Amino acid sequence: QVQLVESGGGLVQTGDSLRLSCAVSGRSFSTYTMGWFRQAAGKERELVARITWSGGRTYYADAVKGRFTISRDNAKNTVALQMNSLKPEDTAVYYCAAVNNPYPGSSWSWYDYWGQGTQVTVSS
């Protein structure tokens with residue numbers, strides 16, 4: 001069993017930065033692909049960024065490319081999402097997710113474990 005707990009959300013202004021963290025407990029964290037998703041009000045949950053178990057391969061949604069950076073520390077069982085140059089359209093609940101698959105698809109349905117989510121609100 002894998003448990004995920006996010007932290008770091010909050011209310012910021014356009015152009016500000018936030019760093020989200022996800023603490024992972026359970027076995028074999030280092031073998032899991034980790035993803036950050038977000039879900040805005042009235043919209044589907046979408047993949048924001050993904051990182052393989054080794055950290056050697058990352059993926060970013062076009063909307064966040066160049067602004068967000070995903071990273072992981074397998075020794076500390078954590079994964080982070082550094083968000084810079086935030087925009088109002090980044091406002092959403094952000095979720096950390098894990099899957100024991102090195103090549104998951106982009107849909108949330110690929111992921112087996114989820115955190116409770118953390119709210120990010122960017123004011124204009």
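Treat the numbers as computed from the prediction; the structure is a model and nothing was measured.
- Aromatic pair W114/F37: centroids less than 6.0 angstrom apart.
- In this structure, A80 and R19 approach most closely via the heavy-atom pair CB-NH2, 3.5 Å.
- For the atom pair CZ of R72 and OG of S54, the computed distance is 8.0 Å after rounding to the nearest 0.5 Å.
- Between the side chain of S123 and the backbone N or O of V12, at least one donor-acceptor pair lies under 3.5 Å.
- The environment of CD in Q3 is sparse: at most 12 heavy-atom neighbours from other residues, nucleotides or ligands sit within 6.0 Å.
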- Task: Decide side chain to side chain contact (heavy atoms under 4.5 Å, CB included) for L11 and V120; before the verdict, give the C-alpha distance in whole Å, the side-chain angles of both, and the deciding distance to 0.1 Å.
- Result: CA-CA 6 Å; L11 172 63; V120 172; over 6 Å; no
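- The backbone N or O of W53 lies less than 3.5 Å from a partner atom in the side chain of N74, making a donor-acceptor pair.
- Considering only heavy atoms from C-beta on, R38 comes within 4.5 Å of E46 through its side chain.
- A98 approaches Y32 most closely through the heavy-atom pair CB-CD2, 3.9 Å.
- Contact detail for S109 and S107: the closest heavy-atom pair is OG-OG, 2.8 Å.
- Cation-pi geometry between R45 and Y95 is met: under 6.0 angstrom from the ring centre, within 45 degrees of the axis.
- When side chains are defined from C-beta on, L86 counts as touching L18, because their heavy atoms get closer than 4.5 Å.
- In terms of hydrophobic clustering, with Ile, Leu, Val, Met, Phe, Trp and Tyr side chains grouped at heavy-atom distances under 4.5 Å, L81 and L47 are assigned to different clusters.
- With no hydrogens or angles considered, no side-chain donor-acceptor pair links T91 and E89 at under 3.5 Å.
- Using a 4.5 Å heavy-atom threshold, the side chains of V79 and C96 count as touching.
- Of the charged side-chain nitrogens involved, at least one lies within less than 4.0 Å of a carboxylate oxygen, so that D62 and K65 count as a salt-bridged pair.
- Linking Ile, Leu, Val, Met, Phe, Trp and Tyr residues whenever their side-chain heavy atoms come within less than 4.5 Å places Y111 and V93 in a single cluster.
- The closest donor-acceptor contact from the side chain of T69 to the backbone of Q82 lies at 3.5 Å or more, if one exists at all.
- A distance-only check finds a donor-acceptor pair linking the side chain of Q116 to the backbone of E6 [under 3.5 Å].
- A heavy-atom distance below 4.5 Å is not found between the side chains of V48 and Y60.
- Two residues are said to be in side-chain contact when any heavy atoms from C-beta on lie closer than 4.5 Å; T33 and N101 fail this criterion.
- Distance check: I70 CD1 to W36 CH2 gives 8.0 Å after rounding to the nearest 0.5 Å.
- In terms of modelled atom types and a separation under 3.5 Å, the side chain of T118 and the main chain of G9 share a donor-acceptor contact.
- No donor-acceptor pair closer than 3.5 Å links the side chain of R57 to the backbone N or O of Y103.
- Side-chain contact between T14 and S124: present, with at least one pair of heavy atoms (C-beta onward) separated by less than 4.5 Å.
- No donor-acceptor distance shorter than 3.5 angstrom exists from the side chain of R50 to the backbone of T58, with no hydrogens or angles considered.
- In this structure, the side chains of M83 and S17 stay at 4.5 Å or more apart for every pair of heavy atoms.
- Taking the side chain as every heavy atom from C-beta outward, Y113 and V99 never approach each other to under 4.5 Å.
- Interatomic distance, M34 CE to T78 OG1, rounded to the nearest 0.5 Å: 9.5 Å.
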